[in-house]
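First the structure, in the form of structure tokens, and then the observations on it.
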Amino acid sequence: MQSEYQHLIDLSDYPVEWWNSLIELGVKIKENPQEYAHECDGKIMATLFYEPSTRTQMSFQTAMLRLGGRIIGFDNPANSSVSKGETIKDTTKIVSSYADILVIRHPVAGAAKAASLTADCPVINAGDGGHLHPTQTLTDLLTLKIEKKTLSGLTIGMCGDLINGRTVHSLCKALSMFNGNKFIFISTPELRMPAYIKDIIKANGSTYEEVNTLEEAIGGLDVLYMTRIQQERFASREEYLAQKNTYVLDRKKMLLAKKDMIVLHPLPRVDEITVEVDDDKRAMYFTQAKYGVFARMALILTILSEKKGSETLKGKLYSGVKCSNPRCITNHEEYLPKSFRFSGDETLLECEYCDERKLI
Ligand code: CP
């Protein structure tokens with residue numbers, strides 16, 4: 001299935017050279033934003049946020065406004081016809097006829113992919129459930145490029161809710177494409193990084209370790225990426241409470257870290273970083289959120305300037321086979337073609353929307 005438009009659903013759909021040129025553009029925009037102030041004059045961006053957001057939504061809107069464009073959209077689906085039962089297909093079809101570029105966040109995995117199948121303009125994934133968050137990853141890569149001067153040879157600790165954290169999934173996929181990066185996953189056994197992400201890391205030639213405590217890892221890290229325990233993704237409050245407060249970065253733990261380690265967090269923070277850490281010059285999470293505007297300005301310019309369409313569905317349909325992930329968009333919007341690809345093993349199919357694996 002070929003779309004006329006260039007979408008950003010997953011960074012892995014593009015070669016590393018594409019990300020590099022986008023990051024270089026982000027750096028140039030940061031140095032001289034005024035030069036880009038009229039690049040999107042007359043263009044309209046629609047932001048469809050089916051799930052709450054502060055940074056992603058407002059940084060996209062700021063990015064478009066700083067480029068001279070205008071914005072439409074909703075940040076609460078209850079105030080749109082979604083509340084009357086309108087499908088993603090219909091909402092996307094309509095809004096994409098009003099706008100030049102569409103940014104979507106949704107609580108269900110694969111929703112942005114579904115939107116891209118019918119949109120009449122480029123679609124950007126601003127986070128789909130616990131699956132992916134590629135524009136946060138662009139923000140993270142831009143931050144590393146500016147603050148660490150490299151995207152290679154880094155030891156990166158990722159701490160917290162690694163099973164539900166879409167930001168860490170996208171970031172692992174991206175950083176494992178660069179030479180010599182090593183990942184240390186710090187989580188409880190219940191919140192470990194999904195197997196498909198670990199397989200991608202290995203396939204890309206990077207390495208990872210899994211540990212239980214921040215103390216045993218922090219001293220060897222160049223980057224510590226903290227994450228929130230995502231209450232909204234747990235099946236019950238009891239399961240969430242059992243994980244809450246397991247990892248708290250405080251001044252005492254920062255004493256164990258290298259002098260040039262940086263702390264990133266996609267935010268929002270709840271209680272996993274104490275406020276006293278904010279004054280440490282290694283705390284880079286507010287700067288990271290600021291750089292998100294430059295990353296998204298670069299992305300909007302790049303996506304709008306590209307003419308070539310992208311392949312939206314690459315897999316195949318298998319009679320009677322459905323995705324087994326209840327939080328996959330194909331189990332919420334029945335009309336969607338249930339497309340799967342092989343995961344490298346001939347007995348394992350991978351859902352093309354949410355990457356859930358299924359034995360056949
Ligand atoms: N980092 C991030 O996605 O933040 P928001 O949920 O506030 O957009």
Side-chain angles (χ1 to χ4, degrees), residues 8-11 23 26 45-66 71 73-78 101-112 115 123-144 146-147 156 158-175 223-234 240 247 249 262-273 275 277-278 283-300 327:
L8 176 62
I9 307 304
D10 181 350
L11 272 184
I23 292 158
M45 181 175 74
T47 51
L48 305 185
F49 277 63
Y50 292 73
E51 192 183 53
S53 165
T54 298
R55 275 146 295 276
T56 312
Q57 183 187 204
M58 290 195 202
S59 64
F60 260 116
Q61 293 176 340
T62 305
M64 191 51 156
L65 293 170
R66 290 210 185 282
I71 50 175
F74 59 73
D75 58 11
N76 180 357
I101 189 162
L102 198 156
V103 178
I104 180 168
R105 168 171 289 191
H106 200 282
V108 175
V123 172
I124 295 176
N125 182 3
D128 58 332
H131 185 219
L132 297 171
H133 196 344
T135 71
Q136 179 65 48
T137 299
L138 286 173
T139 300
D140 300 340
L141 295 178
L142 180 65
T143 306
L144 290 174
I146 295 171
E147 299 299 334
I156 306 123
M158 295 184 171
C159 178
D161 189 350
L162 305 185
I163 191 164
N164 294 307
R166 57 193 174 198
T167 61
V168 285
H169 302 165
S170 286
L171 189 57
C172 282
K173 289 174 84 172
L175 280 176
V223 180
L224 172 59
Y225 199 99
M226 293 296 293
T227 64
R228 172 177 68 93
I229 307 294
Q230 300 200 18
Q231 181 173 3
E232 67 276 26
R233 315 251 182 249
F234 282 79
Y240 165 67
Y247 300 103
L249 181 66
I262 62 169
V263 183
L264 301 182
H265 190 312
L267 305 178
R269 147 181 69 180
V270 182
D271 44 21
E272 59 280 359
I273 303 179
V275 289
V277 177
D278 298 354
M284 209 52 73
Y285 29 90
F286 297 129
T287 305
Q288 177 188 5
K290 188 172 83 179
Y291 290 164
V293 173
F294 307 123
R296 291 177 173 110
M297 285 169 81
L299 176 64
I300 293 167
R327 290 189 277 182

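Remember, it's 1-based here, ligands and their atoms both numbered in the order they're listed.
Residue contact check: Thr54 has heavy atoms under 4.0 Å from atoms 5 (P), 7 (O), 8 (O) of ligand 1. Remark: ligand 1 atoms within the under-4.0 Å shell around heavy atoms of Leu267 are 1 (N), 2 (C), 4 (O). Below 4.0 Å from some heavy atom of Gln136 lie the following atoms of ligand 1, by number and element: 1 (N), 2 (C).
Between Pro266 and ligand 1, at least one pair of N/O atoms sits closer than 3.5 Å. Annotation: Arg55 places an N or O atom under 3.5 Å from an N or O atom of ligand 1; distance criterion only.
Here the options are Val168, Asn164, Leu267, the test is side-chain contact (heavy atoms from CB on, under 4.5 Å), and the partner is Thr227; only Val168 passes. Each of Leu132, Leu11, Thr135 was compared with Ser170 under the side-chain contact (heavy atoms from CB on, under 4.5 Å) criterion, and only Leu132 meets it.
Judged by distance alone, the side chains of Arg228 and His265 never bring a donor and an acceptor atom under 3.5 Å apart.
Assignment of Met58 to the shell around ligand 1 is not supported, since no heavy atom sits closer than 4.0 Å.
Residues passing the salt bridge (charged side-chain N to carboxylate O under 4.0 Å, His left out) test with Asp75, sequence neighbours excluded: none. In this structure Phe74 satisfies the ring-ring contact (aromatic ring centres under 6.0 Å, His included) test together with Tyr50, sequence neighbours excluded.
In terms of protein heavy-atom proximity, atom 6 (O) of ligand 1 is nearest to Arg105 NH1, 2.8 Å.
In terms of modelled atom types and a separation under 3.5 Å, the side chain of Asn125 and the main chain of Ala112 share no donor-acceptor contact.
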